[in-house]
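Computed from a predicted structure; not experimentally measured.
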Amino acid sequence: MSNNFAPKTNFFTIYIYPIKSCRGFAVNSAELDNWGFRFDRNWMLVTPNGQFITQRDVPQMALIETAIEAEALHLKAPGQSGLELPLSPVAGTMMEVEVWRDRCLAIDQGDVVATWFSQFLGIECRLVRLGEAYNRPVKRITTAQVSFADGYPLLLISEASLADLNQRLPEPIPMNRFRPNLVVSGCDAYAEDTWQQIRIGPVTFDLVKPCERCVITTTDQATGRRESKEPLKTLATYRRNKGGVIFGQNVTHRQQGEVQIGRRVEVLAIAPTSSISVSSV
C-alpha cells in the first residue's frame with residue numbers, strides 16, 4: 001500500500017457539475033446524499049421526448065457556466081443573459097426521461113428555462129431535475145443510487161495519472177477534459193487502479209470499475225471545440241481493457257456525510273490485479 005500512496009501528501013480537490021455535461025466548479029467541501037455529491041448532475045438537458053443530451057453530440061454545452069450562490073443555481077453562456085434557478089425543489093410537470101437505458105421520472109423546469117437553453121444551443125431542449133420520485137439504482141449495486149451521471153455517483157482521478165498522460169501527449173491537457181469529482185494528489189500515477197476502498201473523513205468509498213472514456217475528452221472545455229483526437233488516440237496505446245479506453249475510476253459511497261479538502265484519503269483495501277493494458281513511455 002505504501003508504494004501506491006504517500007500518506008503525508010494525499011490531498012484531494014472536489015468538483016461539482018450541477019447540470020450534466022455543462023461546466024462545473026471546485027468546492028472546499030461537499031455533502032454526500034443518496035445520489036452522490038449534493039447538486040452534482042442533479043439537472044439534465046433532454047430532448048422534447050426525454051432523451052438525455054450531452055457534449056457527445058452538443059460540445060457547445062461546455063460553454064454553459066454554473067455556480068451556486070445564495071441558494072440559487074446561477075447560469076451563464078456567451079450572448080445570453082444570466083439565469084437563476086432555485087436550489088430548493090419547485091413543483092413542476094413530471095417527465096419521463098432516459099439516461100442511457102435507464103428510464104426515470106424527473107421534474108421539468110419550465111418553458112422560460114427551456115427557451116434559454118434552446119436559444120443558446122440552437123436545438124429544441126428542456127431542462128429537468130431529479131426529485132422525490134426519482135429512482136435510478138446503480139447497475140449491479142441495487143443498494144446505491146446515481147443522479148444523472150452516466151452510471152456511477154462519483155469519478156476519481158489522480159493528478160499523477162494526468163501528469164503521466166501529459167508526458168505522452170503532443171500537447172498537455174487540463175483535468176477538466178475528464179470531468180472528475182475527486183482529484184487526488186500524493187500518489188503514484190494510476191495508483192487509483194489498485195484501490196478497492198478508501199475513506200475520507202466519515203465516508204467510505206468503493207472504487208467499482210475503471211471509467212471508459214468517450215469523445216467528450218477530446219472537447220476543449222474552454223472553447224467547446226474539437227480539434228484533435230487526443231487524448232483518446234494516445235490513451236488507446238496504453239490504457240485499454242475489454243470495454244475500451246480507460247482513465248479514472250468510477251466510485252460509489254457507503255454513507256451520507258460531508259467531505260472537506262485537506263482531509264486525509266485513507267486506502268482501506270487494494271483491488272485484485274488490474275486488467276488494464278499498460279506500456280512504458
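When all heavy atoms are compared, the tightest approach of D40 to S147 is O-OG, 3.3 Å. The two atoms that bring G248 and L155 nearest to each other are C-CD1, 4.2 Å, heavy atoms only. For W195 against I270, the heavy-atom pair with the smallest separation is CD1-CD1, 4.2 Å. Closest non-hydrogen pair, T219 versus P59, comes out as CG2-CB, 3.9 Å. The two residues G224 and A62 make their nearest non-hydrogen contact at CA-CB, 4.3 Å. The shortest non-hydrogen separation linking I261 to V27 is CG2-O, 3.9 Å.
Here E31 contributes atom CD and E258 contributes atom CD; the two are 5.5 Å apart, rounded to the nearest 0.5 Å. Going from atom CZ of R264 over to atom CD1 of I200 covers 12.0 Å, rounded to the nearest 0.5 Å. T66 OG1 to W43 CH2: the interatomic distance, rounded to the nearest 0.5 Å, is 9.5 Å. One distance of note links CD of E98 with CE of M44; it measures 9.5 Å at 0.5 Å rounding. Put simply, CG on N166 and CD on E159 are 11.5 Å apart, with the number rounded to the nearest 0.5 Å. Of the inter-residue distances, the one linking L268 atom CG with R199 atom CZ reads 4.5 Å to the nearest 0.5 angstrom.
At distances below 3.5 Å, at least one donor-acceptor pair connects side-chain atoms of H74 with backbone N or O atoms of E69. Between the T218 side chain and the V215 main chain, a donor and an acceptor come within less than 3.5 Å of each other. Of the possible polar contacts, none joining the D33 side chain to the Q256 backbone as a donor-acceptor pair under 3.5 Å is found. A donor-acceptor pair under 3.5 Å is formed between the side chain of S118 and the backbone N or O of C125. No donor-acceptor distance shorter than 3.5 angstrom exists from the side chain of E124 to the backbone of P48, with no hydrogens or angles considered.
Clustering of Ile, Leu, Val, Met, Phe, Trp and Tyr side chains at separations under 4.5 Å places M94 together with L105, I107.
The hydrophobic clustering, which links ILVMFWY residues whose side-chain heavy atoms are closer than 4.5 Å, places I216 and V58 apart. A continuous path of hydrophobic side-chain contacts links L83 to I123 [ILVMFWY only; heavy atoms under 4.5 Å]. Residues V128 and L121 fall into different hydrophobic clusters, defined by Ile, Leu, Val, Met, Phe, Trp and Tyr side chains chained together at heavy-atom separations under 4.5 Å. One hydrophobic cluster, built from ILVMFWY side chains closer than 4.5 Å, holds both V97 and W35. Residues I19 and I14 fall within the same hydrophobic cluster, defined by Ile, Leu, Val, Met, Phe, Trp and Tyr side chains chained together at heavy-atom separations under 4.5 Å.
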_Between T217 and F178, is the side-chain contact (heavy atoms from CB on, under 4.5 Å) condition met? List the steps._
CA-CA 6 Å; T217 62; F178 300 99; 3.8 Å; yes
_If you apply the rule side-chain contact (heavy atoms from CB on, under 4.5 Å), what do you find for E230 with L235, and how did you get there?_
CA-CA 8 Å; E230 296 293 3; L235 284 170; over 6 Å; no
*side-chain contact (heavy atoms from CB on, under 4.5 Å) between I68 and L87: does it pass, once the steps are laid out?*
CA-CA 8 Å; I68 292 178; L87 293 182; 3.5 Å; yes
_side-chain contact (heavy atoms from CB on, under 4.5 Å), that's the test. Do F12 and L156 meet it? Break it down for me._
CA-CA 10 Å; F12 63 96; L156 180 150; over 6 Å; no
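Screening R56, R41, K209 for a salt bridge (Lys or Arg N to Asp or Glu O under 4.0 Å) involving D150 leaves a single residue, R56. The side-chain hydrogen bond (donor to acceptor under 3.5 Å, both in side chains) test with Q55 singles out one residue from Q221, Q60, R226, and that residue is Q221. Partner Q249 forms a side-chain hydrogen bond (donor to acceptor under 3.5 Å, both in side chains) with one of D193, D206, T194 and no other, that one being D193.
The ring of F52 has its center closer than 6.0 angstrom to the ring center of W100. A distance below 6.0 Å separates the ring centres of Y134 and F148.
For R177 and F247, the positive end is not near the middle of the six-membered ring at less than 6.0 Å and at most 45° from its axis.
In this structure, R239 and Y190 have side chains that are in contact, with non-hydrogen atoms separated by less than 4.5 Å. The shortest distance between side-chain heavy atoms of P202 and Q255 does not fall below 4.5 Å. The closest side-chain heavy-atom distance from T204 to Q197 is below 4.5 Å. Between T252 and L154 the shortest side-chain heavy-atom distance does not fall below 4.5 Å. For the pair R23/L63, a side-chain contact is recorded, criterion being any heavy-atom separation below 4.5 Å from C-beta on. Using a 4.5 Å heavy-atom cutoff, the side chains of V208 and V138 are not in contact. Residues F37 and P153 fail the side-chain proximity criterion, which asks for heavy atoms closer than 4.5 Å. Side-chain contact between F39 and L73 is absent, with no heavy-atom pair separated by less than 4.5 Å.
Partners of R136 according to the side chain to side chain donor-acceptor pair (under 3.5 Å) rule, which considers only residues two or more places apart in sequence or in another chain, are D102.
Under a cut-off of 6.0 angstrom, the local environment of CG in N49 is crowded, with over 12 non-hydrogen atoms contributed by other residues, nucleotides or ligands.
Note on ring orientation: taking the six-membered ring where Trp is involved, the planes of H253 and F205 are tilted (angle from 30° to 60°).
Under 4.0 Å is where a charged nitrogen must lie from a carboxylate oxygen, and between E227 and R225 at least one such pair does.
N135 and Q145 share a donor-acceptor pair across their side chains, judged by distance under 3.5 Å alone.
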